[in-house]
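Positions are given from 1 along the sequence. All values derive from a computational prediction rather than experimental measurement. First listed ligand is number 1; within each ligand, the first listed atom is number 1.
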Amino acid sequence: MNPPAIAIDGPAASGKSTVAKLVASQFGYTFINTGAMYRAIAWYLHRHGIAPTEVEKIKELLPDIPLEFGKEGSSSTVLFAGKVLTAELTEPAVNETVSIVAAVPEVRSFLLRKQREYNRSEAVVMEGRDIGSVVFPDTPFKYFVTASPEVRAARRAAQGLTDSISERDKNDASRSCAPLTQAPDALLVDTSDLTIEQVVRLIARDIESKLSH
Ligand code: DC
């Protein structure tokens, strides 16, 4: 049996990354940001002048894509040419193309394998859009973290980012392969009127009660 996998899904700017990081640190689990994995592929394609709609080219390139999906300390990282990608992953071109790249089924199955590998030997808190529905459908630890559109837009602006999250959410929720969705057995956590600490406490309590059964 694999170690525990905590699935945290939700739309853009719902607060799920912050919450997932804190939950991971509280339990001593590894934090995995799957959005960064999709973003790294979108960044690499853009850098090589490949449009997100050139699906045949993308399929051909994927097996040899020189990105390394690794770990530094207790968090996942993506490396290119030995360097951890950070600011590159929120470049405007990446924000604009990532949800189109993430809708390509071959990209999803390529990353799905890597995402599951992280959980082979260690407990993880993984955040994304399809973690509870597709990546770890059998885990009992599933949380769907959301907030009102107004609160999410304000949180995005506070991060200094101006990308259109509603457009991206529409793309993410309407694609046919592994769309953004609340798994039927996921606990819905609306963070609009909660502090980060309250959200973390709520999720941590649920995990603890399930771990002790
Ligand atoms: O979480 P994020 O905003 O960094 O995600 C970037 C994009 O990647 C987002 O538009 C949806 C996509 N994504 C996905 O399709 N599946 C995941 N598990 C994680 C992210």
Side-chain angles (χ1 to χ4, degrees), residues 5-21 23-24 30-46 52-53 55 58 62 67 69 75-78 84-119 124-137 139 141-147 149 151-153 155-183 186 191:
I6 316 294
I8 300 192
D9 291 300
S14 57
K16 63 185 187 307
S17 291
T18 310
V19 167
K21 259 180 235 162
V23 170
T30 302
F31 165 67
I32 316 281
N33 176 350
T34 61
M37 301 170 87
Y38 287 97
R39 285 174 178 274
I41 294 195
W43 172 81
Y44 182 84
L45 295 175
H46 176 73
T53 45
V55 174
I58 296 174
L62 265 179
L67 292 168
F69 300 93
S75 300
S76 61
T77 53
V78 190
V84 175
L85 297 177
T86 49
E88 294 85 349
L89 302 183
T90 50
E91 283 174 5
V94 173
N95 288 333
E96 273 160 36
T97 56
V98 64
S99 61
I100 310 170
V101 172
V104 177
E106 287 77 9
V107 170
R108 302 203 71 83
S109 53
F110 175 75
L111 289 181
L112 177 66
R113 254 176 284 132
K114 309 219 172 271
Q115 289 157 2
R116 287 186 177 151
E117 263 168 37
Y118 277 110
N119 184 230
V124 296
V125 177
M126 191 172 286
E127 62 121 329
R129 304 294 190 288
D130 61 337
I131 313 305
S133 55
V134 175
V135 183
F136 300 122
T139 183
F141 310 102
K142 297 185 189 181
Y143 306 93
F144 193 80
V145 175
T146 189
V151 168
R152 294 195 290 114
R155 286 180 186 162
R156 199 57 161 186
Q159 291 173 316
L161 297 170
T162 53
D163 56 317
S164 167
I165 53 174
S166 55
E167 177 81 21
R168 211 140 54 76
D169 285 345
K170 207 164 5 121
N171 285 344
D172 293 337
S174 62
R175 66 174 174 242
S176 51
C177 181
L180 162 67
T181 188
Q182 180 186 348
T191 68

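Figure legend: K142 and F144 shown without cation-pi pairing, the cationic atom not lying both under 6.0 angstrom from the six-membered ring centre and within 45 degrees of its axis.
Note on residues 34-46: no pairs pass salt bridge (Lys or Arg N to Asp or Glu O under 4.0 Å), not counting sequence neighbours.
Side-chain atoms of N119 and R116, non-hydrogen and from C-beta on, never get closer than 4.5 Å to each other. The closest side-chain heavy-atom distance from D130 to T181 is not below 4.5 Å.
Each of L85, T86, V84, I32 was evaluated against T77; a single residue qualifies, V84, per the side-chain contact (heavy atoms from CB on, under 4.5 Å) test.
The residues lining ligand 1, counting any heavy atom closer than 4.0 Å, are K16, T34, G35, Y38, R39, V98, S99, A102, R108, G128, R129, D130, I131, R168, D172, R175.
In this structure, L111 CG and E106 CD are separated by 12.0 Å, a value rounded to the nearest 0.5 Å.
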